[in-house]
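Accompanying notes for the structure given below.
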4 protein chains.
Amino acid sequence: MPRPSLPDAPERARGQRDPEATQRALLAAATAEFAEKGLAGARVDEIARRAGVNKQLVYHHFGNKEALYRAALDQVYAGIRVQERALHLADLPPEAAMERLVGFSFDYLLEHPEFVALLNDENRQEAKHLRDSPGLQAMHSPLVELLQETLRRGGEAGVFRTDMDPVNVYISIAGLSYFYFSNNRTLSAIFGRELDGARAVAARRRHVIDFTLRALRP
Amino acid sequence: MPRPSLPDAPERARGQRDPEATQRALLAAATAEFAEKGLAGARVDEIARRAGVNKQLVYHHFGNKEALYRAALDQVYAGIRVQERALHLADLPPEAAMERLVGFSFDYLLEHPEFVALLNDENRQEAKHLRDSPGLQAMHSPLVELLQETLRRGGEAGVFRTDMDPVNVYISIAGLSYFYFSNNRTLSAIFGRELDGARAVAARRRHVIDFTLRALRP
Amino acid sequence: MPRPSLPDAPERARGQRDPEATQRALLAAATAEFAEKGLAGARVDEIARRAGVNKQLVYHHFGNKEALYRAALDQVYAGIRVQERALHLADLPPEAAMERLVGFSFDYLLEHPEFVALLNDENRQEAKHLRDSPGLQAMHSPLVELLQETLRRGGEAGVFRTDMDPVNVYISIAGLSYFYFSNNRTLSAIFGRELDGARAVAARRRHVIDFTLRALRP
Amino acid sequence: MPRPSLPDAPERARGQRDPEATQRALLAAATAEFAEKGLAGARVDEIARRAGVNKQLVYHHFGNKEALYRAALDQVYAGIRVQERALHLADLPPEAAMERLVGFSFDYLLEHPEFVALLNDENRQEAKHLRDSPGLQAMHSPLVELLQETLRRGGEAGVFRTDMDPVNVYISIAGLSYFYFSNNRTLSAIFGRELDGARAVAARRRHVIDFTLRALRP
DNA sequence: GATGAATGAGCGTTCATTCAT
DNA sequence: TATGAATGAACGCTCATTCAT
């Protein structure tokens, strides 16, 4: 939550040509810039500067600012999906599996403030870029199915309720963590309490897991 | 959640003098514009046009775009505080009081999408305007105290746990509703499920209350 | 030459009505503002603020910004003419009279930096306001006639040349002082030498008198 | 002194690339515009129009209006220094050298009204741009040293006084010409005498040389 | 006479984007 | 592929001036 400003791309040898590296550098710079300033506030000049490349390459490789934004958005979604797919909950008993799932949701947001920031801006724009995304299906979180399966196993084991809509449970789990991170600064200001310190974060993590597990009890 | 674009101010008779009405019109127009586009994306010209007044009056009455943004932010916070103070939970038994509190949190966000939108943008800017706000103290939500008192009464009555940090409980209650509204569009897109219809909203409302009450059980 | 920023007008009792005092205050404020910023750079708001009166009074009393500028210009010319007419050179022997005349030219500019500043701006505008001034004749300096008479007396006494055009002599006398004051800052910068200290000013004064008297020797 | 308004730059073939020509055109246009209107009165749009280039190029090449002003100021100083360095006074006997020096000072101002105009504005701004100029040293006029050497030679030859401060003599020589040109219009208006005609200018030139040489006599 | 609100034109500057090399 | 120059459309803001009271 200290939200470290993402570092600029390393200086490439001048005149060197590596189109893929250029694209990677642009995408990383764009993600950082869009996260900090939003689509409207981000500057193409600044993205190019951060990436250490000529501004025209933004247009060459991505077409325009908005397409670059879409690419950055797709990429951050891809990033979380990769990690979600690496969770192996089937090996664990239902309660431990649920704890891992909730914990993962929390930890990912903690470690990826740019994901939260980009999503916030995209929602303010009514998700219009996301809706246009060709790979939208691929963005569907596998967590919903994992959650559904875990709830089913927990139901059979008698440790979880079985009358809950998995999508709403998913939204609740996500929301308990997401809101804490997305609104951390305004909450800190209003409560006069630093919610972004390591101790507060750890306490919140325990609270979220505890709150969820209790809510799911039969 | 249909998020109706806020209507423009009614055309005032030309040449008429009413500075307070002018300021109100500007503030309303600014709230709508900032909610839709964010601070960076909002256009002073457009705000003036929506308010039906000359653009220069923004500067005459508020100083500059950012000060107008701050005024709009202060006003939306004031709006929710007014309604929060009108809640009378002490008259109700603990569980009913909690249900009302959670229900209010949900309903207010449902009816005030501009509050959610402004807060999102403010958080992306690291709450810098809020932190500078002179009346920051007045923005502290009375709900935390109401919640604390309700939890205490529920604890005595044996219906609530007594080991929870009220601030974290508050954040959880707020987050369960807020995330649903703030991220409604991306969630709808990804789940391929309309989460902003009346039926989905009603189901979410029930879920949030149920989820919270169960989590608070002893 | 420390060119002290002219003080603002004293605060008048609010609501008090004294049209002449208002005009005087405006004129003084305008002179200072125009001297500091020029006609283009001066701000009507700032002039009103300095005068401690409402901006509209500028228009009420003077018509517009340019008319106020003309009024200020006329006034500074009137100021120097008043003092020039108070010189009594006929009582003095020619050389002493000439010294007084040159000394006066120097001293007046030293004490009235706003005169120099206004004249510079007016010249950059090709004197267009001055040419429109109705009382232009009244602005003709009596010094030319005084100078002519002094030169004549000196010629008869054998101490001055008699073959010089009085207007050119006048321009030379004025220029020797005026240039020093009008260009003091750039000269100081380029010579790396503070030309606005009391010592430098006194040395310049002696130099100007000496230079002139020698140039006029037969 | 007919002060012909500087002509606009020739129209460049559209789309042609020549950054140096662009900068030269902008600098020439800026010099003319700043000379006519001053820093505050000059318009960036007008400068671009005169230069026949897009307005944005002012910012691309110079940064902002004030930096362009500084560049113009530096350039006009550089212009006079170049010609001053081309004077070879050592070859001439002292009196002829002095006459050439004074004549040059007069002629340069006659031919470069923009130099006078820019300097006037810069002085009204208290030379703040000049003081910030990195190459300030380079702006020191070589004339002071030339003058000093000429005075020394004239002193040895018995034709000049030896007790004069060269800086003050330099200021006097410059002032005798500068004031005539910088204040030509107000002087013309007040004396009701055209001081910018060829005859008046020629008479002034003779007067200035004569006045100076006589003042320097032992 | 005096005030603060209101207006329209315009100014310096920014920005996403395209051009020429 | 890559670069810096160039462009047109705004944008935030300022300013002299006028209106309504």
Side-chain angles (χ1 to χ4, degrees), chain A residues 12 14-20 22-23 40-48 53-61 63-68, chain B residues 12 14-23 40-48 53-66 68, chain C residues 12 14-23 39-48 53-61 63-66 68, chain D residues 12 14-23 40-48 53-68:
Chain A
R12 286 184 310 129
R14 205 170 146 115
Q16 192 173 326
R17 305 202 171 186
D18 182 346
E20 286 182 25
T22 296
Q23 291 189 44
R43 299 293 162 240
V44 174
D45 276 285
E46 180 62 12
I47 291 170
V53 307
N54 185 277
K55 177 170 54 160
Q56 166 62 8
L57 293 185
V58 169
Y59 297 91
H60 187 68
H61 289 298
N64 60 29
K65 182 187 181 183
E66 208 157 351
L68 178 57
Chain B
R12 286 185 310 132
R14 178 66 183 251
Q16 195 172 323
R17 296 285 170 110
D18 187 345
E20 286 180 23
T22 297
Q23 293 187 41
R43 298 292 160 238
V44 174
D45 276 285
E46 180 63 11
I47 291 171
V53 307
N54 185 280
K55 176 171 57 157
Q56 159 61 5
L57 294 184
V58 168
Y59 301 92
H60 189 61
H61 289 298
F62 293 91
N64 59 31
K65 181 187 180 183
E66 207 157 351
L68 179 57
Chain C
R12 286 183 311 130
R14 204 170 148 116
Q16 193 173 322
R17 305 200 172 185
D18 183 345
E20 286 181 23
T22 296
Q23 290 188 44
L39 172 56
R43 299 291 162 241
V44 174
D45 276 285
E46 180 63 11
I47 291 170
V53 307
N54 185 277
K55 178 171 54 161
Q56 166 62 9
L57 293 184
V58 169
Y59 297 92
H60 188 66
H61 289 298
N64 60 29
K65 181 187 181 183
E66 209 158 352
L68 178 57
Chain D
R12 285 185 311 132
R14 179 65 184 253
Q16 194 171 323
R17 297 287 169 109
D18 187 344
E20 286 180 23
T22 297
Q23 293 188 41
R43 298 294 160 237
V44 174
D45 276 286
E46 179 63 11
I47 291 171
V53 307
N54 186 281
K55 176 169 58 155
Q56 160 61 7
L57 294 184
V58 168
Y59 300 91
H60 188 62
H61 289 298
F62 294 91
N64 60 28
K65 181 187 179 182
E66 206 157 353
L68 178 57

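- Put simply, D/H60 has no side-chain N or O that comes within less than 4.0 Å of OP1 or OP2 on F/dA6.
- The nearest pair of heavy atoms linking C/L39 to C/K65 is O-NZ, 2.9 Å.
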Dump the pairs, protein N or O against N or O of nucleotides 13-17 of chain E, anything under 3.5 Å, distances to one decimal.
| unit_1 | atom_1 | unit_2 | atom_2 | d |
| --- | --- | --- | --- | --- |
| E/dT13 | OP2 | D/Y59 | OH | 3.0 |
| E/dT13 | OP2 | D/K65 | N | 3.0 |
| E/dT13 | O4 | D/K55 | NZ | 2.5 |
| E/dC15 | OP1 | A/R43 | NE | 2.6 |
| E/dC15 | O5' | A/R43 | NE | 3.4 |
| E/dC15 | N4 | D/Q56 | OE1 | 3.2 |
| E/dA16 | OP1 | A/A42 | O | 3.1 |
| E/dA16 | OP1 | A/R43 | NH1 | 3.2 |
| E/dA16 | OP1 | A/K65 | NZ | 3.1 |
| E/dA16 | OP2 | A/V44 | N | 3.2 |
| E/dT17 | OP2 | A/Y59 | OH | 3.2 |
| E/dT17 | OP2 | A/K65 | N | 3.0 |
| E/dT17 | O4 | A/K55 | NZ | 2.5 |

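- To the nearest 0.5 Å, atoms CG (B/L68) and CG (B/L57) are separated by 11.5 Å.
- In this entry F/dT21 has E/dA2 as its Watson-Crick or G-U wobble partner, both defining distances falling under 3.5 Å.
- When rounded to the nearest whole Å, the span between CG of B/L57 and P of F/dT18 equals 17 Å.
- Applying the side chain to side chain donor-acceptor pair (under 3.5 Å) rule to B/H61 yields the partners B/Q23; only residues at least two apart in sequence or on another chain are considered.
- Across every strand in view, E/dA9 sits in a pair with F/dT14 that passes the Watson-Crick or G-U test at under 3.5 angstrom.
- Between A/N54 and the phosphate of F/dT1, there is no side-chain N or O to OP1/OP2 separation shorter than 4.0 Å.
- Listed pair D/T22 / F/dA6 meets the phosphate criterion, a side-chain N or O lying under 4.0 Å from OP1 or OP2.
- For the OP1/OP2 pair of E/dA6 and a distance below 4.0 Å, the side-chain nitrogens and oxygens of B/H61 include at least one atom meeting the criterion.
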